[in-house]
*Asks:* 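Got a structure for you, questions after.
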Amino acid sequence: MNTSNNEPREERPHITVHDLTMAYGSHVVMQNLSFSIQRGEIFVVMGGSGCGKSTLMKVMIGLKYPQKGQVYYGDVNFWESDQALRNRVLRNIGILYQRGALWSSMTIGENVALPLEEYTDLSPSRISEIVSFKLSLVGLAGFEEYYPAEISGGMAKRAALARAMALDPEILFFDEPSSGLDPVSARLLDDLILELRESLQTTVVVVSHDLESIFAIADNTVFLDAETRTMIASGNPKTLLAETRDPKVRRFLTRGKPDIRKNREREKDTYCPENE
Amino acid sequence: MNNLSERQAAPGIMNFDRPVPDIFRIHLGGVWEIGQQLPSAGQVQELIAADPRIRRIVFDSTALEGWDSALIIFLTKIIESGTKAGIAVERTGLPSGVQRLFCLASTVREPGGMTSHATREPLLARIGERTLGSLRASAGVLDFIGEATLAFFRLLGATARFRWADLGLTIQECGPGALPIVSLISALVGIIVAFVGIVQLRVFGAEVYIADVVGIAMAREMGALMTAIIMMGRTGAAFAAQLGTMEVNEEIDAFRTLGISPMEFLVMPRILALVLMMPLLCIYSDIVGILGGALIGIGMFDLSVTQYYDQTIQALTLTQLSIGIVKSAVFGVLIALSGCYYGIHCGRSASAVGNAATSAVVTGIVLIVVTDGIFAVITNALWI
Ligand SMILES: Nc1ncnc2c1ncn2[C@@H]1O[C@H](COP(=O)(O)OP(=O)(O)OP(=O)(O)O)[C@@H](O)[C@H]1O
Ligand SMILES: [Mg+2]
């Protein structure tokens, strides 16, 4: 998005994860993860519940030390840089947390405004214009004065999204953006993500379970598997669905449908106590 | 309704037969529901254990009229003991609903690895873990204090970032908001000290010195100590709970990733507020305590108001007062630090916030009393 930044950066992946292992104490969550994310790409991290997607995000955004391995932003080795450089990298990253994580002592408007106040020297009136615009992008125009406790879960999620986008960051991390949203809002969110990529060349990293949205937006994915504790597939989801041999990936991408259908048919002609 | 009465009439029953010697067949009949008199799995387990020829267990549920989790639990026991004894348990004869539930129960499973929590490690390993754990924890405390100090210097250098509105709110909350409880406790402490003292002084006919006793006790010790303990329970616990909840909600993570130091943004205003408010509360507490003492001296023993007033003024030196005030400022730092430390290091579970508040109060009170002791020793050594 920085037009001044015309070095031949484009060659290099925007984010590179190299041989990453993450653990809580002695409990290894995921090991040997390696993948890279191109500039302007929409990258989806998929996997079953509890397999470590949020943890991966935490390691990538500097909240949790990796046990082993590196995360690169451009050519910056994130975990080996000093705090100042890390903050500079983070300055260009917007994050939507799984549970929103709005600051509860501030109004929605103040939540969205704080990043702007911290990192820009815009005038208060200019900031409040931007805040209104960002809130209207997520369908929350006019909710500036509400506190996070006074709005619904889905609304809080959207407000948090507005906060993540406040600084027009180069990279957006979304942890399950569509959870807690109705189908229409979820769809609008997908459009918004695509729009951000088109207009601002934002790189978007999404943690998601939502198949429909994965197929609609993802350029590239990795699939994390809890049993083997590593990534077992990566690539474009449509290609993946067409080509993968792995039953786990296939089951995930088809919502395990074939199996269930078989079961259902079998049920019909067997005993069912309620029918008696 | 008809159905219901029928069911009650037919409780769960169980029969066995052996179509061939190595097959054990269980006939299930009637209604197997929770709250009914049902056959026990133990009976089956005994029968199976008694006959080593059995290789397979099969079920016949054609006479079964109804079931719920009671049947599932019964079957689980049989399947478990069968598997242990190396006997195949065939579920095909069971109602399809039961089979599906079993299927579901065996596929929906959290990824392995978490079981490692349950295994008990050898004693030495556990001692080692604990020791390393507490070392890490002390390093964490030092880290926290160091960071707080740095943040304080940044504040002095006016580069610290926090919202002055937050400071105002916190001051409002922990200053004026605490007046009622501080008044009550201080007055009572003054009254108690006066009572205890005057009874002793009376023996010597020196009741008038009660003004000295109350004045010095409040100014030097009780004012600062009582406000500190009240504020620890009131504000320190509130800090721990507020920051703990923010930690649970990932709000603190959101500050960190924005490059805003929670230390500057959240901890500094709280420390500042308490350091500013504690001395004022302490002075207030001194005054209320002395008034409480006067109530006893003047009201119940016949000292005159002027007598009591003069005596108090004479006894209270600036040194006495300032010892209390300095202590209260130090206590303010301790309260804010322990509240914020436990808040920020709160875990993510539901009970974590409660634990954080409890630990903050316990640690804080211990720190306060120990520090008070240290002050006593130092002032004594300096002949103040
Ligand atoms: N703070 C923690 N301490 C210890 N273990 C943790 C902690 N947070 C998560 N875990 C464990 O790490 C694993 C991965 O958790 P994570 O939150 O990354 O899962 P996830 O893939 O985001 O799941 P979901 O899709 O349900 O959000 C889980 O097994 C979880 O029990
Ligand atoms: Mg998650």
Side-chain angles (χ1 to χ4, degrees), chain A residues 25-29 48-52 54 58 61-64 83-84 86-91 93-106 110-111 114-115 117-119 148 160 163-164 166-167 173 175 225-229 256 263 266-274 276, chain B residues 3 6-7 31-33 61-68 71 92-100 103-104 107-117 121 129 133 161 163 165-166 169-170 242-243 245-262 265-266 269 348:
Chain A
S26 58
H27 168 53
V28 174
V29 178
S49 180
C51 70
S54 298
K58 273 189 201 145
I61 60 181
L63 288 173
K64 180 170 167 37
Q83 189 65 45
R86 263 189 266 169
N87 279 348
R88 208 134 21 118
V89 171
L90 286 173
R91 155 77 179 73
I93 297 181
I95 299 150
L96 170 66
Y97 294 84
Q98 189 162 4
R99 276 168 292 183
L102 288 172
W103 297 306
S104 47
S105 60
M106 302 181 208
E110 288 171 335
N111 262 283
L114 186 69
E117 286 165 5
E118 284 296 315
Y119 288 109
R163 183 180 70 186
L167 288 166
F173 279 90
D175 196 348
D225 174 45
E227 252 168 80
T228 52
R229 308 226 179 115
N263 278 342
R266 205 161 3 102
E267 282 155 27
K268 275 187 197 125
D269 39 32
T270 46
Y271 175 88
C272 202
E274 289 85 352
E276 298 274 277
Chain B
N3 197 6
E6 236 175 52
R7 281 184 175 194
V31 178
W32 288 67
E33 282 177 2
S61 59
T62 41
L64 194 65
E65 288 165 24
W67 56 273
D68 64 8
L71 179 64
T92 41
L94 292 169
S96 66
V98 174
Q99 291 183 36
R100 278 206 306 280
C103 243
L104 207 60
T107 49
V108 181
R109 184 169 291 155
E110 280 300 302
M114 295 313 275
T115 42
S116 65
H117 283 297
E121 298 192 1
E129 281 280 328
R161 293 178 296 193
R163 298 180 345 143
D166 280 354
L169 271 181
T170 318
Q242 286 162 3
L243 297 192
T245 314
M246 294 184 76
E247 168 67 21
V248 171
N249 287 338
E250 300 176 322
E251 287 173 46
I252 293 190
D253 285 352
F255 277 123
R256 287 210 177 96
T257 46
L258 196 59
I260 297 178
S261 147
F265 207 86
L266 300 171
R348 288 269 159 94

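In the text below, chain A, chain B and the rest are named by the order of the sequence lines, each starting its count at 1.
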*Asks:* By a 4.5 Å heavy-atom criterion (distance strictly below it), what part of Leu63(A) contacts chain B: side chain, backbone, both, or neither?
*Replies:*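 Side chain only.
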*Asks:* When rounded to the nearest 0.5 angstrom, what distance separates NZ in Lys58(A) from OG1 in Thr257(B)?
*Replies:*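 That separation rounds to 11.5 Å.
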*Asks:* Side chain, backbone, both or neither: which part of Leu102(A) has a heavy atom under 4.5 Å from chain B?
*Replies:*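 Just the backbone, heavy atoms under 4.5 Å.
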*Asks:* If you look at every heavy atom in Ala101(A) and Ala254(B), which pair is closest and at what distance?
*Replies:*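 In this case the closest contact between Ala101(A) and Ala254(B) is O-CB, 4.0 Å.
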*Asks:* Could you tell me which portion of Arg99(A) (side chain, backbone, both or neither) has an atom closer than 4.5 angstrom to a non-hydrogen atom of chain B?
*Replies:*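 Contact with chain B: backbone and side chain both.
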*Asks:* CD/Glu250(B) to CD1/Ile95(A) distance, rounded to the nearest 0.5 angstrom?
*Replies:*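 Spacing of CD (Glu250(B)) from CD1 (Ile95(A)) equals 10.5 Å.
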*Asks:* Please report the interatomic distance CZ(Arg163(B)) to CD(Glu110(A)), rounded to the nearest 0.5 Å.
*Replies:*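 The CZ atom of Arg163(B) sits 4.5 Å away from the CD atom of Glu110(A).
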*Asks:* What closest approach, in Å, do Ile260(B) and Glu118(A) show between heavy atoms, and which atom pair accounts for it?
*Replies:*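 The pair with the smallest heavy-atom distance is CD1-CG, 3.5 Å.
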*Asks:* Output all residues satisfying ring-ring contact (aromatic ring centres under 6.0 Å, His included) with Phe255(B), sequence neighbours left out; order by chain, then residue number.
*Replies:*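 Per chain and number, Phe255(B) pairs via ring-ring contact (aromatic ring centres under 6.0 Å, His included) with Trp103(A), Phe265(B).
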*Asks:* Can you find a pair of side-chain heavy atoms, one from Leu90(A) and one from Arg256(B), that are under 4.5 Å apart?
*Replies:*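 Contact flag for Leu90(A)/Arg256(B) side chains = no.
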*Asks:* Is it the side chain or the backbone of Arg88(A) that comes within 4.5 Å of chain B heavy atoms, both, or neither?
*Replies:*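 It is neither, since no heavy atom gets under 4.5 Å.
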*Asks:* With side chains defined as the heavy atoms from C-beta onward, is the minimum distance between Tyr97(A) and Asn249(B) less than 4.5 Å?
*Replies:*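 SC-SC contact between Tyr97(A) and Asn249(B) ruled out.
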*Asks:* Taking every heavy-atom pair that is under 4.5 Å apart, which of Leu114(A), Asp225(A), Ile61(A), Asn87(A) has the most such pairs with chain B?
*Replies:*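 Maximum pair count with chain B is reached by Leu114(A).
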*Asks:* Looking at Pro115(A), Ala164(A), Gly62(A), which one has more heavy-atom pairs under 4.5 Å with chain B than the rest?
*Replies:*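 It is Pro115(A).
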